[in-house]
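What follows is one structure encoded as structure tokens, with my remarks underneath.
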Amino acid sequence: MNEPGHSDADNAELVRARLELLELRAEADTARRALQSLRDDTSEARSPVADSGKASDLLEANEQLVLALMQSKVDSEEAMRSMLEMSRVAALDALTQLPNRMLFLDRFTQAIAGGRRRNHRMAVLFVDLNNFKQVNDALGHQFGDQVLQLAARCMVSVVRASDTVSRYGGDEFLILLDEVAQASDAGAIADKINAALAVPTQLADHVLRMSASIGISVYPDDGEDVTTLIDAADAAMYEAKRRGLGYTVSKASDPVSSHALQVAFPESLRLPVTSFQEAINAQVERHQLLQEANEQLLLSALDAKRLQDAAEKALKRHNLRMAQAVHELRSPLMAIRNASALIASEDIPPPLPRMNAVIERQAAQMSRLVSDLLDVSRAQGSKLRLELSAVNLLTLISDVVEASRPAIDTRLQRFLVNVQPGELALNCDPVRLAQVLRNLLDNASKYTPISGEIVLSMSRSAEAVVLTVRDNGIGINERSLAHIFEPFMQDEDAHEFNTKGLGLGLTVVEELVKAHGGTVTAHSGGKGMGSEFVVTLPLASVPQESGSARTA
């Protein structure tokens, strides 16, 4: 019969090791008996009638037997150590070095027996990595093995020393929490596991963000034997995966406990792997384009800074000058788009389509900068126009997150998205509202150090939708906080940390939010304390006619 935690091959190795150990012990016993016999013969050899040559031979044989006995003892100890090491290795998963399925089941059975005696509760977590097959198929088994090893380390790092983390098979893991007071204790561990998995990690040339669907069952609420408890946790895990939740507790132990998965969008953060080099290239290209536009707008920006403290008449002249500069920039943009159209329409060699794609991206980036300047000018002239329509807010957020991810991946920043489940239809200008969120996320990433954290949250009530972008970056000092939404306003520390940008993004955010009938506020504890921007859009004040237009 196989021992728990051992395969047939492992058991055969253990049997052979034990037989060798018994043979060594038998040889040691034989050597001890021979040594005793020689000692008796040596005593007789010392008598006056003994032959002196025989005594010399006996002493030499005695020495050989002592050496043989000592070597036999060393061999016996080495065989014992080898047997113990083989027993230990046979109980571990070869890839992750975690307890394998058989050892886990053995420990679980013993834990249940102890739980019955001591009358205490325990929990089992069934963990399934999301989208692992996609990663494994796209990047190969070697990369997949590294992902599994990383996931194993993350799980071990958040549980107690008395708990057991086991690889159950493939990308599935089982975790035994030896003693819990209630189901919510296991839920807290599940949250910690997903938080640890979500930390971005660079593996080879890729940025990896993991998440898991976790099912939880509790002894004795969900069952009193190993099979029943694992099956209950497995069913809860599939329910969590189906509903897009971080974890779900089996209904027998807690009928209402579940937790929304922080990374919850199919086309944005749900993609577990992105190319680190592509993220760098996209970010470098974007910075180059902004730098080129900044060179042309530098004089206007300097004028705006001086005119900010001037009289109302001087400020209006400045706005007129800005509008003229924007219209002048439209000419090269039109030329770029015309060239792109010509390239795309011809039968051309393969490199030219790539040039066409580059031109399109550059034109789009320059258009965004021009649009920011126009938005400021229009808002201050009460000419900002909204094209309102019914929009699924969760879909809009997902698109914004996907567009902002390259910059965040380049800096290896942790990106969390927390939303309330369920669809929310909002009557708004989708392009303008996406512009608000994109500016806030870009601003957060730009002023947050490498490996920092950015959180986008959405909550709702009967009266309003609240969108919050929070980071743990360089923060905003108290003097600058009061003027943070003014045109060309940049905190001194922010300018030293990142010299790119004209200081128009937050101005555009405020004007667009006001045009939607909402408010935006900025909060910060000061230098090094991060920042938070809260956008509130009152539902009742937004017109309900789909496709309507409104001028702010």
Side-chain angles (χ1 to χ4, degrees), residues 3-6 88 90-93 96-129 148 151-197 211-241 243 245-261:
E3 295 189 11
H6 296 180
R88 186 190 70 82
L92 299 179
D93 175 65
T96 63
Q97 295 302 298
L98 295 176
N100 61 18
R101 181 188 301 205
M102 294 302 297
L103 179 57
F104 178 85
L105 296 177
D106 183 55
R107 290 186 182 179
F108 198 0
T109 302
Q110 295 177 20
I112 290 176
R116 289 196 186 101
R117 290 194 303 270
R118 297 191 297 272
N119 193 29
H120 73 250
R121 308 173 83 194
M122 67 191 72
V124 59
L125 279 62
F126 200 114
V127 183
D128 182 75
L129 298 181
L148 291 174
R153 292 194 295 270
C154 289
M155 285 180 253
V156 171
S157 69
V158 301
V159 302
R160 301 165 298 188
S162 59
D163 300 328
T164 299
V165 180
S166 167
R167 185 183 177 201
Y168 195 60
D171 61 335
E172 295 176 338
F173 296 82
L174 284 176
I175 300 176
L176 174 62
L177 304 181
D178 187 52
E179 187 170 353
V180 296
Q182 52 193 357
S184 59
D185 294 343
I189 296 296
D191 275 337
K192 290 181 180 179
I193 290 173
N194 259 320
L197 293 174
S211 65
S213 299
I214 303 175
I216 301 173
S217 64
V218 178
Y219 168 86
D221 303 346
D222 296 303
E224 297 188 3
D225 63 89
V226 171
T227 302
T228 302
L229 288 166
I230 292 179
D231 288 346
D234 189 16
M237 181 274 292
Y238 278 106
E239 179 66 12
K241 188 179 290 291
R243 296 171 58 192
L245 302 174
Y247 72 84
T248 297
V249 180
S250 182
K251 294 181 179 179
S253 57
D254 191 339
V256 298
S257 182
S258 63
H259 196 278
L261 189 63

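- Expressed to the nearest 0.5 Å, how far CG of L125 lies from CD1 of I193 amounts to 5.5 Å.
- Atom NZ of K192 is separated from atom CG of L197 by 14.0 Å, given to the nearest 0.5 angstrom.
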Inset, instruction - Before giving the answer on side-chain contact (heavy atoms from CB on, under 4.5 Å), spell out for L245 and E239 the whole-Å C-alpha distance, their side-chain angles and the decisive distance to 0.1 Å. - result: CA-CA 8 Å; L245 302 174; E239 179 66 12; 6.0 Å; no
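- Here the shortest heavy-atom pairing between S250 and A232 reads OG-CB, 4.0 Å.
- Remark: R117 pairs with no residue by the salt bridge (Lys or Arg N to Asp or Glu O under 4.0 Å) rule, at least two apart or across chains.
- Summarising the geometry of I214 relative to A240, their closest heavy-atom pair is O-CB, 3.8 Å, with the distance given to 0.1 Å.
- For E179, the side chain to side chain contact (heavy atoms under 4.5 Å, CB included) criterion is met by H120, not counting sequence neighbours.
- Atom CG of residue D93 and atom CG of residue N100 lie 7.0 Å apart, to the nearest 0.5 angstrom.
- Under the 3.5 Å distance criterion, the side-chain polar atoms of R116 are left unmatched by any main-chain donor or acceptor of N119.
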Inset, instruction - For side-chain contact (heavy atoms from CB on, under 4.5 Å), just list the numbers for R167 and F104, CA-CA rounded to whole Å, side-chain angles, deciding distance to a tenth of an Å, and then say yes or no. - result: CA-CA 9 Å; R167 185 183 177 201; F104 178 85; over 6 Å; no
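- Counting all heavy atoms, side chain and backbone alike, V218 lies closest to L229 at O-CD2, 3.6 Å.
- The shortest heavy-atom contact between K241 and L129 is NZ-O, 4.4 Å.
- Ring-centre distance between F173 and F126: not below the 6.0 Å cut-off.
- Counting only N and O atoms by type, the side chains of D106 and T109 include no donor and acceptor under 3.5 Å apart.
- Listed by chain and residue number, nothing satisfies the salt bridge (Lys or Arg N to Asp or Glu O under 4.0 Å) test with D178 (two or more places apart in sequence, or in another chain).
- Distance CG/L92 to OG/S166: 10.0 Å, rounded to 0.5 Å.
- A donor and an acceptor atom, one from each side chain of D231 and T228, are nowhere located under 3.5 Å apart.
- Across all their heavy atoms, I216 and A190 have their closest contact at CD1-CB, 4.2 Å.
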Inset, instruction - Kindly indicate, with the supporting measurements, whether the criterion side-chain contact (heavy atoms from CB on, under 4.5 Å) is fulfilled by I175 and V159. - result: CA-CA 9 Å; I175 300 176; V159 302; 4.1 Å; yes
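- Contact detail for I230 and Y168: the closest heavy-atom pair is CG2-OH, 4.1 Å.
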